[in-house]
Amino acid sequence: MDLRGYLKMLARRWPTALICLLLGIGAGEAVTVLTTPVYEARSQLFVATRTGVETDDLNQGQSFSQARVQSYAAIVGTRPVTGYVARQLGLKSTPEQLASRITAEAPLNTVLINITVRDTDPARAARIANAVASRFITVVEKLETPKQKPAPRGARKASKPPAAPTSPVSLGVTEQASVPTKPVSPKRLLDLVAGMLGGLLLAAGAVALREALDTTVKTGDALGELTALPVLGSIPYDRTSARQRIAMDGAGSSVRAEAFRKLRANLQFAQIDDRPRVMVVTSPVPGEGKSTTAVNLALSLTDTGMRVCLVDADLRRPAVAGTFGLVQDAGLTTVLIGQARVEDVMQQAGGRLAVLTSGAVPPNPTELLASERMGELLRELAGSYDVVVVDSAPLLPVADTIGLAPLVDGVLLVVRASHTGRDQIRSAADSLNRTGVRVLGTVFSMVAAFKGKGYGYGYGYGAELPVPRPGAGREGSAEGAGAAAQPVAGEKGASL
């Protein structure tokens with residue numbers, strides 16, 4: 001994935017990225033609030049050599065001190081120092097625990113030793129640092145003092161006793177530890193920055209994981225590559241008309257209306273040598289927007305002067321009658337069982353579209369749709385109308401459309417953006433291919449609407465647009481709701 005694709009992925013998943021970032025910042029702030037403040041006190045020692053005042057003696061003493069000072073720094077945390085300090089100050093810590101809070105360092109090419117003590121109590125940190133420095137001086141000078149040799153037996157007693165041996169080095173405190181006023185830990189700014197960086201890494205991982213686990217199709221290009229079929233149209237989702245199926249209201253110039261006009265044009269030009277007279281509109285699963293596509297495609301065809309018949313062949317969850325506010329009880333099933341003729345149950349939507357509603361829901365829809373009588377009815381309608389658009393059931397849940405497909409001239413497959421899984425699309429396409437039916441192409445429904453206004457701004461939406469959040473649209477959620485679907489206001493329920 002290139003940078004542009006990754007940025008698009010972040011744009012689609014921005015709520016996840018934002019939540020991870022806020023969690024990281026919150027974790028950094030929590031560390032600052034919950035961590036006990038730690039204070040740091042420091043004392044400094046100077047190591048000198050007891051020598052004469054001659055220049056050579058001074059140089060030798062300096063070299064000796066620099067050579068020894070690194071070893072001295074390692075003695076600060078030993079038990080002779082920490083055990084004595086713990087007893088002297090009445091600390092509850094063991095010598096080892098106290099040693100873990102003491103740090104000694106000797107800067108290179110110097111004769112200085114810096115002793116640092118960390119403690120949760122600032123005053124106690126200063127007391128420990130000063131006590132460690134004092135005890136350290138005693139321990140080092142004792143270690144450096146040579147032991148006096150006893151006089152050999154039989155030796156004559158000297159008139160004066162020999163001088164007691166002294167340490168060749170002398171340590172002095174150059175800086176007493178003072179009580180610190182500000183804690184060295186926690187550091188709020190550092191914790192917040194670390195939390196933010198952690199949140200960004202978590203966001204990148206979470207977004208990448210969700211994208212890897214998300215098998216839905218998000219672009220028209222991906223849909224075309226998956227199905228090897230032309231994408232004839234991309235229908236945007238319009239939040240303002242989420243409850244209204246009809247976009248082709250006669251004089252409509254909305255983005256959705258232009259999208260259906262584009263679908264009509266692409267369908268006509270793509271099939272210019274062998275235009276289908278009877279076409280089925282279906283989808284892999286429910287909620288894809290197939291009924292909305294069938295309704296508006298039929299209305300857009302009537303705008304060109306064609307005689308169009310819309311047939312509701314979804315005999316399980318019919319939606320066309322509820323969309324136009326028509327009578328549903330008498331329709332397709334009534335004709336198939338021989339209780340009425342087509343002309344007796346044919347209804348008009350707005351005076352320009354002939355609609356054959358589903359009729360009563362039968363117990364055996366698959367058998368009815370695959371029957372010879374259904375084939376005769378479709379041929380009869382094809383002889384009376386220029387185009388017959390059939391709204392059928394989804395492919396994967398039931399076998400209704402598989403039985404109906406061989407009776408029509410072509411199938412239009414509707415896929416919802418960021419909703420339909422790749423396996424579902426692939427299974428639906430394979431099902432149609434096995435029947436030998438002619439698949440006219442696909443329609444990518446409920447993509448994000450282009451941010452333009454009015455006619456002329458409808459061009460450019462489609463595969464390259466960002467995809468809305470799954471579940472954001474409700475255009476296809478009411479599909480198949482039957483008479484409970486929202487009718488369009490008008491004299492007959494349709495304002496055309």
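What's counted below: heavy atoms across the whole structure, side chains too, no hydrogens, waters or symmetry copies. Positions are given from 1, in the same order as the sequence printed here. Everything quoted here is computed from the prediction, not taken from an experiment.
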By salt bridge (Lys or Arg N to Asp or Glu O under 4.0 Å), Asp386 pairs with (sequence neighbours left out) Arg307
Side chain to side chain contact (heavy atoms under 4.5 Å, CB included) test vs Ser300 passes for just one of Thr302, Asn296, Leu297, namely Leu297
With sequence neighbours left out, the residues meeting side-chain hydrogen bond (donor to acceptor under 3.5 Å, both in side chains) with Asp312 are none
_If we ignore hydrogens and angles and just use 3.5 Å, is the side chain of Thr357 paired with the main-chain N or O of Ala330 as donor and acceptor?_
yes
Sequence neighbours excluded, the answer for side-chain contact (heavy atoms from CB on, under 4.5 Å) partners of Ile102 is Val76, Thr82, Leu98, Ile115, Val117, Val132
query = Is it the case that more than 12 heavy atoms not belonging to Asp121 sit under 6.0 Å from its CG atom?
reply = yes
Hits for salt bridge (Lys or Arg N to Asp or Glu O under 4.0 Å) against Arg124, two or more places apart or cross-chain, chain-then-number order -> Asp119
Hits for salt bridge (Lys or Arg N to Asp or Glu O under 4.0 Å) against Arg42, two or more places apart or cross-chain, chain-then-number order -> Glu175
With sequence neighbours left out, the residues meeting salt bridge (Lys or Arg N to Asp or Glu O under 4.0 Å) with Glu96 are Arg79
d(Leu432 CG, Ser427 OG) to nearest 0.5 Å is 11.0 Å
Discussion item. Checking Thr304 against Arg264: is there a side-chain donor and acceptor pair closer than 3.5 Å?
Written reply: no
Sequence neighbours excluded, the answer for side-chain hydrogen bond (donor to acceptor under 3.5 Å, both in side chains) partners of Arg277 is none
Residue set satisfying side-chain hydrogen bond (donor to acceptor under 3.5 Å, both in side chains) with Thr366, at least two apart, ordered chain then number -> Arg316, Asp400
Residue pairs meeting salt bridge (charged side-chain N to carboxylate O under 4.0 Å, His left out), one or both in residues 354-376, sequence neighbours left out, come to Arg373-Glu376
Which of Leu381, Val311, Val388 passes side chain to side chain contact (heavy atoms under 4.5 Å, CB included) with Val278? Answer is Val388
For residues 182-200, which side-chain donor-acceptor pairs fall under 3.5 Å, sequence neighbours excluded?
residue: Arg188; atom: NE; partner: Glu29; partner atom: OE1; Å: 3.2
residue: Arg188; atom: NH2; partner: Glu29; partner atom: OE1; Å: 3.4
residue: Arg188; atom: NH2; partner: Glu29; partner atom: OE2; Å: 3.2
residue: Asp191; atom: OD2; partner: Thr32; partner atom: OG1; Å: 3.0

Side chain to side chain contact (heavy atoms under 4.5 Å, CB included) test vs Arg438 passes for just one of Val411, Val408, Asp274, namely Asp274
Residue set satisfying side-chain contact (heavy atoms from CB on, under 4.5 Å) with Ser384, at least two apart, ordered chain then number -> none
Contacts of Asp344 meeting side-chain hydrogen bond (donor to acceptor under 3.5 Å, both in side chains) (sequence neighbours excluded), chain-then-number -> Arg341
